[in-house]
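Naming: A, B, ... by sequence-line order, numbering from 1 per chain.
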Protein chains: 4
Amino acid sequence: MKLSEKKMKRKKEQILRSAIKVVNNKGYVKATMEEIAAELLMTKGSLYYYFKNKSDLIFQCHRFILSDAVKDLETVLKHGEGSTSEILQQMVAIHIDYAVDEKDTFNLIMEPKNLFNNEQIDLVLNLRKQYENLFDQIIKRGIETGEFKTRDQTIARMIILGAMNWIQQWYSPAGRLSKEELVETYTDYILKILK
Amino acid sequence: MKLSEKKMKRKKEQILRSAIKVVNNKGYVKATMEEIAAELLMTKGSLYYYFKNKSDLIFQCHRFILSDAVKDLETVLKHGEGSTSEILQQMVAIHIDYAVDEKDTFNLIMEPKNLFNNEQIDLVLNLRKQYENLFDQIIKRGIETGEFKTRDQTIARMIILGAMNWIQQWYSPAGRLSKEELVETYTDYILKILK
Amino acid sequence: MKLSEKKMKRKKEQILRSAIKVVNNKGYVKATMEEIAAELLMTKGSLYYYFKNKSDLIFQCHRFILSDAVKDLETVLKHGEGSTSEILQQMVAIHIDYAVDEKDTFNLIMEPKNLFNNEQIDLVLNLRKQYENLFDQIIKRGIETGEFKTRDQTIARMIILGAMNWIQQWYSPAGRLSKEELVETYTDYILKILK
Amino acid sequence: MKLSEKKMKRKKEQILRSAIKVVNNKGYVKATMEEIAAELLMTKGSLYYYFKNKSDLIFQCHRFILSDAVKDLETVLKHGEGSTSEILQQMVAIHIDYAVDEKDTFNLIMEPKNLFNNEQIDLVLNLRKQYENLFDQIIKRGIETGEFKTRDQTIARMIILGAMNWIQQWYSPAGRLSKEELVETYTDYILKILK
DNA sequence: CATGAATGAGTGTTCATTCAT
DNA sequence: AATGAATGAACACTCATTCAT
């Protein structure tokens with residue numbers, strides 16, 4: 001019982017990984033079930049054993065990655081050490097890690113959702129809100145400790161997220177900047193926004 | 001000759017306008033030649049008299065909008081009055097206008113380009129560079145006048161562009177903020193980055 | 001204008017004829033768009049130029065045949081000469097003609113309709129009612145003239161229709177009975193029911 | 001041996017019952033192996049231990065129901081009490097019961113058989129003949145006792161069967177007529193045919 | 001110039017069937 | 001005896017593209 005369930009879960013994850021890859025290379029419309037399956041040496045028919053729909057599969061991809069990122073951020077937010085600014089820097093590092101390492105994957109964050117049904121949309125929006133909320137929390141904490149101040153907190157957060165999401169459009173680890181330098185510079189600018 | 005050429009040009013522009021509308025509504029993958037033609041009371045077959053491809057048509061849309069935006073920015077940059085900060089504010093206003101009004105067509109900036117052939121990609125990348133360059137110019141001007149200073153100018157510009165491009169992911173003119181307020185707040189934060 | 005419309009109509013009818021043939025040979029579920037198209041040396045894609053759906057196409061088939069039959073029956077009912085019994089006999093002849101000559105075609109009458117959408121179902125049920133109603137009319141007329149009498153008119157009509165629809169399950173023109181004999185014998189029995 | 005054979009038989013019957021249910025609800029084309037199995041808390045793969053094919057399974061359903069009906073009719077025919085007319089009425093009741101309760105499975109009688117292979121078709125046709133023959137017998141008996149008379153016995157029987165089979169196209173137990181009234185009225189009319 | 005008509009490659013989805021365990 | 005998993009053939013439907021008229 002437990003065994004077969006684990007197997008199922010592992011397979012689902014494999015498929016998700018493959019789907020994430022393909023979806024983010026081609027966009028979710030051009031990503032075909034065939035290609036997603038092919039990468040795993042399966043036939044597209046088999047995918048339907050694990051996922052109800054293409055829509056469902058894509059949705060799970062989104063959810064999967066986002067959940068992971070949320071978990072990482074939460075850990076830092078709760079157990080991270082140092083000043084609020086230092087914790088913020090760690091969060092920026094996490095976001096940039098996802099955006100750069102899992103490039104295609106994380107890109108999902110900013111894609112539209114004409115494919116999701118209402119139920120799914122709700123869940124996605126919730127996850128996104130959760131994600132944004134983590135940055136809201138750190139900002140609020142900074143304000144409370146007197147480290148930060150903002151004119152309009154929502155917009156400040158949007159600016160920060162936008163700036164970070166844009167990274168994957170241009171940054172290459174092979175380029176002029178190391179990831180560490182990138183994180184540092186970004187944090188620097190972000191702190192300017194919050195001060 | 002000249003006459004028929006002008007007619008052709010006018011027709012092409014009509015088609016582009018229609019295509020832009022549809023693309024902005026449905027995204028370029030779901031935008032069908034049929035719908036683009038229908039809006040003009042034509043049949044899709046006719047489109048092929050003016051454009052080689054759907055790919056070509058979409059590309060021209062992108063180019064059209066981007067050129068427009070570049071022109072607008074250039075005008076402000078050259079003839080705009082006021083301090084560098086004030087000119088920057090006008091540029092932010094222009095960008096936000098395009099991002100909000102021309103949603104998906106403008107959005108193409110940040111989307112992959114599995115649709116464009118190499119020739120087209122080069123042209124698009126050039127346009128993008130031109131676009132970015134205009135923001136580089138205003139930053140440089142600010143530094144020369146002593147109004148701005150940056151730790152890393154490229155990254156500063158990336159942060160600014162990223163922040164602005166993100167707007168279309170969340171901003172609705174029907175929401176809490178008017179476009180004017182949005183522009184003002186954004187400029188405010190952007191200036192913080194540059195000071 | 002008028003010309004192309006006529007062409008369209010003619011083509012639609014051709015497709016309907018083909019569809020009727022295939023549908024009634026294989027049943028509407030096993031009838032494929034491909035096969036329907038193949039018979040006309042078309043590709044299945046083309047069918048969608050004329051019909052929105054498989055469901056739509058099948059529906060039009062049903063409607064097409066049923067309308068024809070209704071028209072024929074109405075003609076006899078209104079302009080037929082002779083006693084009510086004699087007119088009934090002509091109606092029986094028409095029904096049997098459809099059932100035997102257009103065997104597969106007419107069979108549609110008795111097939112379920114899990115395929116039709118609500119709008120279509122309404123129309124189909126209406127047509128069926130119209131068809132049944134024609135037999136109701138002749139029965140009523142017979143009762144008024146004193147030629148017929150019934151215990152339960154609805155059931156009488158159902159028995160008559162059922163008996164006639166069953167013919168295509170067993171009758172072959174190549175068999176023992178000519179169509180004329182068949183009609184005569186059937187009418188004979190039907191009159192027994194109505195007397 | 002004997003024991004496991006009995007187990008096998010019992011299981012087969014369980015499956016048939018489930019299949020019959022599903023087929024009656026969805027029609028045999030839309031009835032899926034999955035659904036048939038699910039009702040029994042099995043997986044569809046297991047069905048293939050008991051039945052070679054879906055075709056085979058469906059065929060056995062048909063056979064099962066038809067055999068049952070034949071048995072019931074035979075019982076009445078041999079041991080039924082009362083006049084020939086009264087026995088006929090009981091047979092009509094049986095037929096109507098099957099037609100109404102076992103809708104689609106029983107309906108198979110009058111559907112084409114693109115699903116059955118030649119071997120199966122022969123068996124089905126034989127069963128049908130057996131079924132029809134039982135009605136022939138009662139008619140013949142009526143003629144011998146002087147209760148009935150017919151112009152053409154085969155056609156008379158066809159009319160009676162057709163009328164009865166049609167019932168499932170329109171009758172609903174929830175409607176105006178109870179099943180008892182239906183039986184009585186039908187018998188009444190059928191007797192008119194036979195007199 | 002424009003269109004009506006046709007095409008064909010592609011795509012998601014379903015489902016009977018198989019088979020190792 | 002049963003199952004989990006995979007397969008592959010089939011099918012409806014879409015749409016960019018073509019071309020004779």
Q | 4.5 Å side-chain heavy-atom contact, D:Asn24 and D:Ile20 | A | yes
Q. Whole-Å distance between E:dC15 C1' and A:Lys52 NZ?
A. 18 Å
(Q) Within the 4.0 Å heavy-atom criterion, would you say D:Phe51 contacts the bases, only the backbone, or no part of the nucleic acid? (A) nothing
Q. Taking for each residue the nucleotide of DNA chain F with the nearest heavy atom, is it B:Glu34 or A:Leu47 whose nucleotide lies nearer the 5' end?
A. A:Leu47
**Q.** Nearest-Å distance for atom pair CG/P, residues C:Asp56 and F:dA12
**A.** 14 Å
Q | Test item: D:Glu39 side-chain N/O and D:Ile36 main-chain N/O as donor-acceptor pair under 3.5 Å | A | no
Q.
Counting C-beta onward and ignoring hydrogens, is there a side-chain heavy-atom pair between D:Met42 and D:Tyr50 closer than 4.5 Å?
A. yes
Q.
In whole Å, I'd like the distance from the CE atom of D:Met42 to the P atom of F:dA5.
A. 18 Å
Q: Would you mind classifying the nucleic acid contact of D:Ala31 as base, sugar-phosphate or nothing, using non-hydrogen atoms under 4.0 angstrom?
A: sugar-phosphate
Q: Mind calculating the distance between CG (B:Leu57) and P (F:dC15) to the nearest angstrom?
A: 16 Å
Q: Return the nearest nucleotide to the side chain of B:Lys44; candidates are F:dT17, E:dT13, F:dA12.
A: F:dT17
Q. Nearest nucleotide by nearest heavy atom, which residue falls closer to the 5' end of DNA chain E, B:Leu41 or C:Thr43?
A. B:Leu41
Q.
In whole Å, I'd like the distance from the CE atom of D:Met33 to the C1' atom of F:dA2.
A. 14 Å
Q: Go ahead and write out DNA chain E as dot-bracket, 5' to 3': ( ) for pairs within the strand, [ ] for ones crossing earlier pairs, | when the partner sits on another strand, dots for unpaired; Watson-Crick or G-U wobble, both distances under 3.5 Å.
A: .||||||||||||||||||||
Q) So do D:Thr32 and D:Lys54 actually touch side chain to side chain, heavy atoms under 4.5 Å? A) no
Q: Assign each of B:Lys54 and A:Met8 to its nearest nucleotide of DNA chain F by heavy atoms, then name whichever residue's nucleotide is nearer the 5' end.
A: A:Met8
(Q) Whether the side chain of D:Gln168 engages the backbone of D:Ala99 through a donor-acceptor N/O pair (distance < 3.5 Å, no angle test) should be reported. (A) yes
Q: Could you tell me whether D:Ser46 contacts a base, only the sugar-phosphate backbone, or nothing, with contacts defined as non-hydrogen atoms closer than 4.0 Å?
A: base
Q: Ignoring backbone atoms, test whether D:Lys11 places a side-chain nitrogen or oxygen under 4.0 Å from the OP1 or OP2 oxygen of F:dA2.
A: yes
Q) Which one, F:dT17, F:dA5, E:dA16, comes nearest to the side chain of D:Thr32? A) E:dA16
(Q) What is the distance, to the nearest angstrom, from the OH atom on C:Tyr48 to the P atom on F:dC11? (A) 12 Å
Q. Less than 4.5 Å apart, any side-chain heavy atom of D:Ser18 and any of D:Ile15?
A. no
Q: Could you tell me the separation between the OH atom of D:Tyr49 and the P atom of E:dA16, rounded to a whole number of Å?
A: 22 Å
Q.
Just to verify, which of B:Phe64, B:Tyr28, B:Phe116 counts as forming a ring-ring contact (aromatic ring centres under 6.0 Å, His included) with B:Phe59?
A. B:Phe116
Q.
With a 4.0 Å limit, can you tell me whether C:Asn53 has a side-chain N or O closer than that to the phosphate oxygens OP1/OP2 of F:dC13?
A. yes
Q | N/O donor-acceptor pair under 3.5 Å between D:Gln60 side chain and D:Leu57 backbone | A | no
Q: Report the distance from atom CG of B:Asn117 to atom P of F:dA16, rounded to the nearest whole Å.
A: 17 Å
